[in-house]
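Written out below as structure tokens is the structure these notes cover.
In the text below, chain A, chain B and the rest are named by the order of the sequence lines, each starting its count at 1.
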Amino acid sequence: MSVDGNVRIRPEKEAKTVRSTIPRAVEPRPIVNALQVESICKQFGERRVLDNVGFHLPQREVLALCGPSGAGKTTLLRIICGLISFDAGHVTIGNVLIPFNTCYPAGMYGQVGVIFQEHNLFPHLTAIENVTLALREFKRMPVNQAYERGMGELERMGVGALAKRYPYNLSGGERQRVAIARALAIDPLLLLLDEPTSHLDPDRVDEVCDRVVELAGAGTTMLLVTHNIKCARQAAKSFALLEDGKCQVSHDPALLDNLRYRGK
Amino acid sequence: MMTLRHVLSVLLFGYPVPPEMIDPHFPSFLQRGGGMLLTLLITGLSMLIGAILGTALALCRREKTKAASANAFDRMIGSALYSTATVLVEAVRGLPIALLILLTFHLPYRLFHLRLPDSVLAITALSFYSGAYLSEIVRAGFRSFDPSLHHVGRVLGLTPRQVLLKIELPIICRHMLPDLTNLAVTVFKDSSTLAIVAVPELTYVARQMVMSEPINYGLVLLLVLGSYWVLATVLSVLTTRTLRLLVPMHISF
Amino acid sequence: MDFARYVFAPPYWGWLCRGLGMTLIIGITSGLGSALLGFLVLRCYLSPNRLFRATGACYVMVFRNLPLLPLLLFLAFGLPEIWRQIGWGAFPRGLELALLLLGLSFNTGAYLAEILRAGAEAVAPSQTEAARTLGLMPGTIRRRVVYPQAVRIMAPALASRFIHNMKNSTLALVVPLPLESMELLGQAGRIAGQTFSWAEPLIFVTSVYLLLAHGLGRLLNYWAANEHARILAA
């Protein structure tokens, strides 16, 4: 298969973890967009899952990515997270170009905050310990400072009173909010939310959705992948529809109506 | 003088060992003790050594050891380690403990002309036993780890080593604890099998006492059974109660 | 290391073969006995009568935490002593094999009872409820709905317990059985007693037990897989 002759199928290989030599440009490029995805192609064997997918996410904006299940949303997210490699195209996070043939590229440590559908929190740590773990280990903050920062984020999400609880004592909505607080605590360039409300009870969905909208209003850069059209409309400025590996971007929420009425 | 105090002291501490029977090359506290004290000592030491052995065996039995690096020599060593570890674990798990103990007690002398004190051989036998079962527990523990938690940790900026130390190991240890305590209780009970090779642990000391002093074997055995039962029950009840609190901390949400 | 003389030579080889046969007999008999016992205790556990439930729970609690060797010692030596002390006269001789089987059955039975209970509880209660609404009697429900599914769930644990039971038959070393009815390890000991050499009989017996354990394991897995397939197909 040939897409611009740029297709290279490489084995998944993990980048070496060398903190001191995080690959940055020789002269730091100005950050144009928080996330720039250009012509991403990904093929699993015979099936072309992503076909020339591209969009921009400027800073302090929110992009809502919707699409039927199995359309390649998850694959795209995993590529942006650095979990799998891709065959062609460019992914730029901030001013760092992500190399396409490695997993966990060094440049993206702590740059992207990710919130998954479930299994977010570490079950053996309390909420506050979850939030401060990365602060202490990655950012190397002293304990007091990390604790203050963590409590600040938790209170911003409205779960400050639950700081000492373990994840098994928290409801689904509370867990997702703690996960968002944890992701925000490391001050990432952008926040990636992978269907944060889809595994929640319907009455918990609003808890999380409201906070997401609040964050959007406060200027957090977010890529929101969701089935919840209402949440997408309220929070996002631009919309992307991913179907059959092809992506359509627009600022018009009417794009998403195609999704609903297709009956998928 | 057949008082209860005498009986209890013999059962707990065993008979005194004449100093010429003690091998100076090995720790003397192992060879002077007897009775329940020796049983507990043997159980404890076997669990410790078995833990090290079991972890080593589990590490050898990873897929990574078998087919890892590009270097052909490393691969050969790796698959040799893998096969040896697998054979050892499967062999020890497939054999009855009595047979394992008899093998450990007779083969060193017959094959290598090596005379080792009884308690050392006993600890070796039980270490292999607990090590084999422990390697299975460790492997199951690592397999049960949710891989998405690893990814969550990496995305937060932690290095693979930090993920291993701060996230993976705490969760897996909590997951393994019930099985570990179960194994400890099993080793404690199965240490009574050492009586067939005249190791002076609780059961054999009871037999020694009956042979040398006028006392009813039945009552002594009831006492012995009672002590095993009390210790085993107390330990398992205590651990299940405590571990029930830990359970939610290793299941991922 | 002379296998030809110590293991494969005429009198010893015959002893070892008899021993293997005896091991299988002891293993199978005590397995059946413990299955029966385990089943009885299961019925006690699930019975509405509180006394039965308590008895079942006591039995399991006692025999799970008692080590097997002292138990066998007690049955073989302690019991006759106490019998005499109480004044019931001499303990009948020739009961050693029966006592061995009893001890093994009680021990394995306790573990089996726990496994059976876990299996029975693992079958979703909605199955029983659905069967009741169809008008089936409790006994029929148990036999046709609960047990087949429970057996499938607990087949590996059951298989491993049975194999462990067969391995525990080696503890018959401590029971003074008549020479002709000793099991495999006992016969090896008998050979060692005559030839003063433990190593050869031990190594031979090791290989036999390894083959036995693995072979039984595969056999039971095969049977369980087929059973699984049969239940699914039916």
Side-chain angles (χ1 to χ4, degrees), chain B residues 39 87 90-112 136 182 185-197 201-204 206-207 210 215-237, chain C residues 1 23 61-86 91 107 160 163-174 183-186 188-189 192 197-203 205-217:
Chain B
T39 301
V87 162
E90 291 300 317
V92 172
R93 284 180 65 206
L95 289 179
I97 313 141
L99 190 51
L100 205 58
I101 291 176
L102 282 172
L103 279 173
T104 332
F105 272 73
H106 286 110
L107 283 188
Y109 181 63
R110 275 304 303 269
L111 293 179
F112 311 116
E136 288 298 297
N182 222 353
V185 174
T186 308
V187 169
F188 171 68
K189 288 188 296 174
D190 288 339
S191 69
S192 58
T193 320
L194 290 167
I196 59 181
V197 280
E201 48 80 51
L202 183 54
T203 324
Y204 190 72
R207 190 188 158 92
V210 167
I215 189 170
N216 185 345
Y217 201 18
L219 291 179
V220 171
L221 274 178
L222 277 178
L223 212 58
V224 164
L225 280 172
S227 6
Y228 275 117
W229 187 83
V230 161
L231 275 177
T233 315
V234 162
L235 196 61
S236 45
V237 164
Chain C
M1 207 41 64
T23 301
M61 199 166 74
V62 165
F63 283 95
R64 270 190 70 151
N65 291 321
L66 280 182
L68 190 52
L69 190 115
L71 181 65
L72 291 179
L73 278 177
F74 176 73
L75 288 176
F77 297 109
L79 213 51
E81 282 265 352
I82 297 188
W83 194 277
R84 273 200 296 270
Q85 293 269 345
I86 302 180
F91 192 74
N107 188 47
S160 105
I163 297 178
H164 199 86
N165 185 46
M166 176 106 31
K167 291 191 291 175
N168 279 342
S169 66
T170 50
L171 291 183
L173 274 182
V174 301
E183 46 77 50
L184 191 55
L185 195 56
S197 158
W198 265 105
E200 291 91 353
L202 267 187
I203 295 180
V205 166
T206 310
S207 20
V208 171
Y209 269 108
L210 282 178
L211 282 174
L212 199 62
H214 281 126
L216 260 183

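Here the CD1 atom belonging to B/Ile97 is positioned 7.5 Å from the OG1 atom belonging to C/Thr170, to the nearest 0.5 angstrom. Rounded to the nearest 0.5 Å, atoms NE2 (C/His214) and CZ (B/Arg93) are 8.0 Å apart. Taking CH2 from C/Trp198 and CG from B/Leu103, the interatomic distance works out to 10.0 Å, rounded to the nearest 0.5 Å. Once rounded to the nearest 0.5 Å, the distance linking CD1 of C/Ile203 with NE2 of B/His106 reads 12.0 Å. With rounding to the nearest 0.5 angstrom, the CG atom of C/Leu73 is 8.5 Å from the OG atom of B/Ser192.
Considering every non-hydrogen atom in both B/Ala195 and C/Leu69, the closest pair reads CB-CD2, 4.0 Å. Nearest heavy-atom pair, B/Gly218 versus C/Phe74, reported as atom, atom and distance to 0.1 Å: O-CE1, 3.7 Å.
By the 4.5 Å heavy-atom criterion applied to side chains, B/Leu102 and C/Leu173 are counted as neighbours.
Within the structure, side chain to side chain donor-acceptor pair (under 3.5 Å) pairs that include any residue of residues 66-77 of chain C do not occur (at least two apart or interchain).
Between the side chain of C/Lys167 and the backbone N or O of B/Leu99, no donor-acceptor pair lies under 3.5 Å. Remark: the backbone N or O of C/Arg64 is paired with a side-chain donor or acceptor of B/Lys189 at under 3.5 angstrom.
With a threshold of 4.5 angstrom between heavy atoms, B/Asp190 does not approach chain C through any atom at all. If you measure heavy-atom distances from C/Ser197 to chain B, the contacts under 4.5 Å come from both the backbone and the side chain. Within the 4.5 angstrom heavy-atom criterion, only side-chain atoms of C/Leu171, from C-beta onward, approach chain B.
No option in B/Ile215, B/Asn216, B/Val210 other than B/Asn216 meets the side-chain contact (heavy atoms from CB on, under 4.5 Å) test with C/Glu81.
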When the side chains of residues 220-237 of chain B are checked against the rest of the protein, which donor-acceptor pairs come out under 3.5 Å, sequence neighbours left out?
| unit_1 | atom_1 | unit_2 | atom_2 | d |
| --- | --- | --- | --- | --- |
| B/Ser227 | OG | B/Leu223 | O | 2.6 |
| B/Ser227 | OG | B/Val224 | O | 3.1 |
| B/Tyr228 | OH | B/Glu201 | OE1 | 3.0 |
| B/Tyr228 | OH | B/Thr203 | OG1 | 3.2 |
| B/Trp229 | NE1 | C/Met61 | O | 3.1 |
| B/Trp229 | NE1 | C/Val62 | O | 3.3 |
| B/Thr233 | OG1 | B/Trp229 | O | 2.6 |
| B/Thr233 | OG1 | C/Asn65 | ND2 | 3.2 |
| B/Ser236 | OG | B/Ala232 | O | 2.8 |
| B/Ser236 | OG | B/Thr233 | O | 3.2 |

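Using cut-offs of 30° and 60° on the angle between ring planes, the pair C/Phe77 and B/Tyr217 is tilted.
By number of non-hydrogen pairs under 4.5 angstrom with chain B, the leading residue of C/Val174, C/Thr206, C/Leu185 is C/Thr206.
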